[in-house]
Amino acid sequence: MNHKPRVRFAPSPTGYFHVGGARTALFNWLFARKLKGSFILRIEDTDEERNKPEWIKGIYDALNWLGLNWDEGPYRQSERYQLYKKAADKLIEQGNAYYCECSKEDVAARALPNSTPGYDGFCRDKNLGPGPKRALRFKVPPIGVTVVDDIIRGQVEFAHSSFEDFIIVKSSGGPIFVLANVVDDADMGITHIIRGEEHLPTTPKAILLWKAIYPDIPIPRYAHVPLLVNEKRQKLSKRRDPVALEDYKNQGYLPEAMLNYLVLLGWAPKDGREVLNLDEMINEFSLEEVNLSPSFFDVKKLRHFNGIYIRDLSDKDFISLCEPWLNTSKIEKTSNNLETFSKLAPLVKQRVEVLGQVIPMVEFAFADEVEIDEKSWQKSVLKNKDLSLAILSESFEKFLHLDWDVESLHKSLEEIGQNLGLKLSKTQASIRVAITGNSVGLPLFDSMVIIGRDICLLRISKAIERLKLELSD
RNA sequence: GCCCCCAUCGUCUAGAGGCCUAGGACACCACCCUUUCAAGGUGGAGACACGGGUUCGAAUCCCGUUGGGGGUGCCA
């Protein structure tokens with residue numbers, strides 16, 4: 001058996017693509033790449049009511065953004081109904097399936113209290129033919145157990161008595177996902193099914209179907225990866241949790257950081273390293289080492305990783321990755337401004353964790369007039385009015401004729417501070433607010449050099465004016 | 001209700017019977033570095049859910065309890 005493994009990622013387009021799906025896709029992809037197998041994309045769109053075309057596009061976009069390229073597909077289940085029909089017919093023929101005319105209400109009404117609920121086999125021996133409002137059910141063998149042999153969890157047993165004759169074809173004629181799943185997995189030669197743990201309870205049904213339809217094809221190996229949960233330890237939900245991959249993209253997370261963080265949820269490399277590039281992940285990842293317990297998607301740690309990956313970018317790459325944010329900012333894209341931005345970029349790069357933080361950090365350099373943050377003004381200027389005025393006035397004079405470079409600025413401010421008995425950290429504070437509008441920000445002297453002497457002097461003089469005004473009040 | 005899964009610092013994890021006084025990372029705190037903020041460095045606080053076994057020895061194996069989660073749909 002030198003068969004290369006074939007795995008599939010089979011999302012259903014019933015909502016935006018989320019981080020849990022991304023992790024499942026990643027695990028599949030890593031497994032395939034490591035063993036030189038095939039990674040197949042299959043869209044499970046058999047739910048006529050909830051599927052939307054834009055969600056399908058969302059899947060492609062997400063996978064492309066992450067760089068999880070697929071070798072085959074995308075297959076669409078909605079285009080393969082004949083196959084499912086054929087399988088269903090075979091089951092009927094073999095006596096493994098039967099039509100049922102019970103409505104949901106009928107089933108519920110007959111369900112026994114305090115026991116295994118669900119369908120009671122009412123139509124099992126009625127020998128009904130097809131018809132409107134009739135669904136097809138699989139005849140579950142009443143006794144025995146089905147064992148799921150899971151790579152991550154080992155052997156998991158399910159007694160047949162614990163589940164009902166489940167529906168495999170809806171009365172609309174559409175297949176239920178377990179059926180479609182089995183048929184496609186067999187048809188596509190899938191060897192390993194790697195998916196979320198929420199599918200574990202339906203796996204025995206799939207195995208039963210598989211054995212009935214494809215007695216000669218070996219059942220794939222299963223690997224149910226632990227769920228991703230929220231802070232309340234519940235399965236991540238598209239509706240209540242901030243899990244849309246696209247949102248992370250839009251906030252300025254890098255795909256590399258996302259993948260790196262995701263791979264660490266439920267798996268860890270043998271040594272202590274946590275920062276891994278794709279090649280390292282491919283080489284070291286192994287399904288057998290995947291954890292059993294659910295993990296919390298912790299944005300804080302993701303942010304930390306993103307910061308690492310941003311700092312690791314070349315200045316050039318960083319600048320071009322900032323473009324979307326620059327485009328939607330108020331900053332005009334003049335060549336002058338672009339040059340200023342590229343000079344600021346290296347300073348910014350080391351201080352952001354997501355790209356969305358970039359623009360607020362550099363805006364001061366482009367505005368005609370700085371917007372002064374009131375709290376900063378209070379704290380760094382007003383609190384010691386007289387000192388601030390002295391610092392601002394003196395520096396204005398000195399800056400008039402100073403060599404306009406970081407070193408000179410540094411020295412001259414140090415001198416001003418010494419005369420007033422202040423440390424540089426104190427001295428620079430009021431200048432910083434006057435020029436950048438904020439008490440925290442990029443290295444001041446570099447910023448000053450980049451935006452130029454004229455603007456700096458103008459802003460200092462404005463600050464002096466304002467201070468004097470407030471002093472006289 | 002019934003079925004199934006899971007259980008190490010707040011979080012992600014290392015740990016496959018003695019190497020554990022339980023290691024690392026994020027977050028947190030302190031200090032250092034420093035023109036602010038970051039980054040970096042040093043240090044600190046912080047966990048084996050509980051109860052029984054098995055064993056000379058258990059975070060590691062078994063059983064139970066408790067807790068959490070998932071499934072139970074003519075959704076996937």
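Order of the sequence lines fixes the chain letters, A, B, ..., with proteins taken first and strands second; residue numbering starts at 1 for each chain.
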Look at the side chain of [X] and the base of [N], then say whether one donor and one acceptor between them are separated by less than 3.5 Å.
| X | N | value |
| --- | --- | --- |
| A/E274 | B/G24 | yes |
| A/K301 | B/A27 | no |
| A/S171 | B/C74 | yes |
| A/R153 | B/C5 | no |

Residue-phosphate contact under 4.0 Å: [X] side-chain N/O, [N] OP1/OP2:
| X | N | result |
| --- | --- | --- |
| A/K235 | B/G71 | yes |
| A/N291 | B/C6 | no |
| A/R233 | B/C12 | yes |

Please confirm whether A/F297 and A/Y248 have ring centers closer than 6.0 angstrom.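 So the answer is yes for these two rings.
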Under 6.0 Å between the ring centres of A/W267 and A/F285?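 Yes, the ring of A/W267 comes within the 6.0 Å limit of the ring of A/F285, centre to centre.
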At 4.0 Å (heavy atoms only), tell me whether [X] reaches a base, stays on the sugar-phosphate, or touches nothing.
| X | result |
| --- | --- |
| A/F177 | base |
| A/G307 | nothing |
| A/H199 | base |
| A/L444 | base |

Applying the side-chain contact (heavy atoms from CB on, under 4.5 Å) test to A/I193, which of A/R221, A/R8, A/H199, A/H224 qualifies?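 One option only clears the test, and that one is A/R8.
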Take the protein atom [atom1] of [X] and the nucleotide atom [atom2] of [N], then report the distance between them rounded to whole Å.
| X | N | atom1 | atom2 | value |
| --- | --- | --- | --- | --- |
| A/H304 | B/C28 | NE2 | C1' | 14 Å |
| A/N306 | B/C26 | CG | C1' | 14 Å |
| A/D165 | B/C74 | CG | P | 13 Å |
| A/R311 | B/A38 | CZ | C1' | 8 Å |
| A/Y261 | B/U11 | OH | P | 12 Å |
| A/D106 | B/C74 | CG | P | 12 Å |
| A/L264 | B/C12 | CG | C1' | 7 Å |
| A/E164 | B/G73 | CD | P | 5 Å |

Would you indicate which nucleotide in [options] comes nearest to any side-chain atom of [X]?
| X | options | result |
| --- | --- | --- |
| A/T202 | B/C12, B/A76, B/C4 | B/A76 |
| A/V440 | B/U36, B/C74, B/A7 | B/U36 |
| A/D47 | B/G73, B/U35, B/C75 | B/C75 |
| A/L227 | B/G69, B/C12, B/A76 | B/G69 |
| A/K170 | B/C75, B/U35, B/A27 | B/C75 |
| A/R351 | B/G71, B/G69, B/U36 | B/U36 |
| A/L292 | B/C74, B/U36, B/A7 | B/A7 |

Classify the side-chain pair A/Y99/A/N127 by whether it contains a donor and acceptor separated by less than 3.5 Å.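 The criterion, which ignores hydrogens and geometry beyond distance, is not satisfied for A/N127 and A/Y99.
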Does one side chain, of A/D184 or A/Y84, offer a donor that lies under 3.5 Å from an acceptor on the other?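 Short answer, yes.
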Quiz item: cation-pi between A/R137 and A/Y119, 6.0 Å / 45°: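 Yes - A/R137 lies over the ring of A/Y119, closer than 6.0 Å to its centre and within 45° of its axis.
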Assess A/R110 against A/F122: is NZ or CZ under 6.0 Å from the centre of the six-membered ring, and within 45 degrees of the ring's axis?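 The answer is yes; both the distance and angle limits are met.
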Distance check, [atom1] atoms only: [N] and [M], in whole angstrom units.
| N | M | atom1 | result |
| --- | --- | --- | --- |
| B/A16 | B/U60 | C1' | 7 Å |
| B/U21 | B/C6 | C1' | 29 Å |
| B/U66 | B/A27 | P | 38 Å |
| B/A45 | B/G71 | C1' | 40 Å |
| B/A59 | B/G23 | C1' | 13 Å |

Under 3.5 Å for both donor-acceptor distances, Watson-Crick or wobble: does [N] have a partner, and if so which one?
| N | value |
| --- | --- |
| B/G51 | B/C63 |
| B/A22 | none |
| B/U42 | B/A30 |
| B/G1 | B/U72 |

Is the shortest distance from a Lys or Arg side-chain nitrogen in A/R50 or A/D47 to a carboxylate oxygen in the other one below 4.0 Å?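 So A/R50 pairs with A/D47 through a salt bridge.
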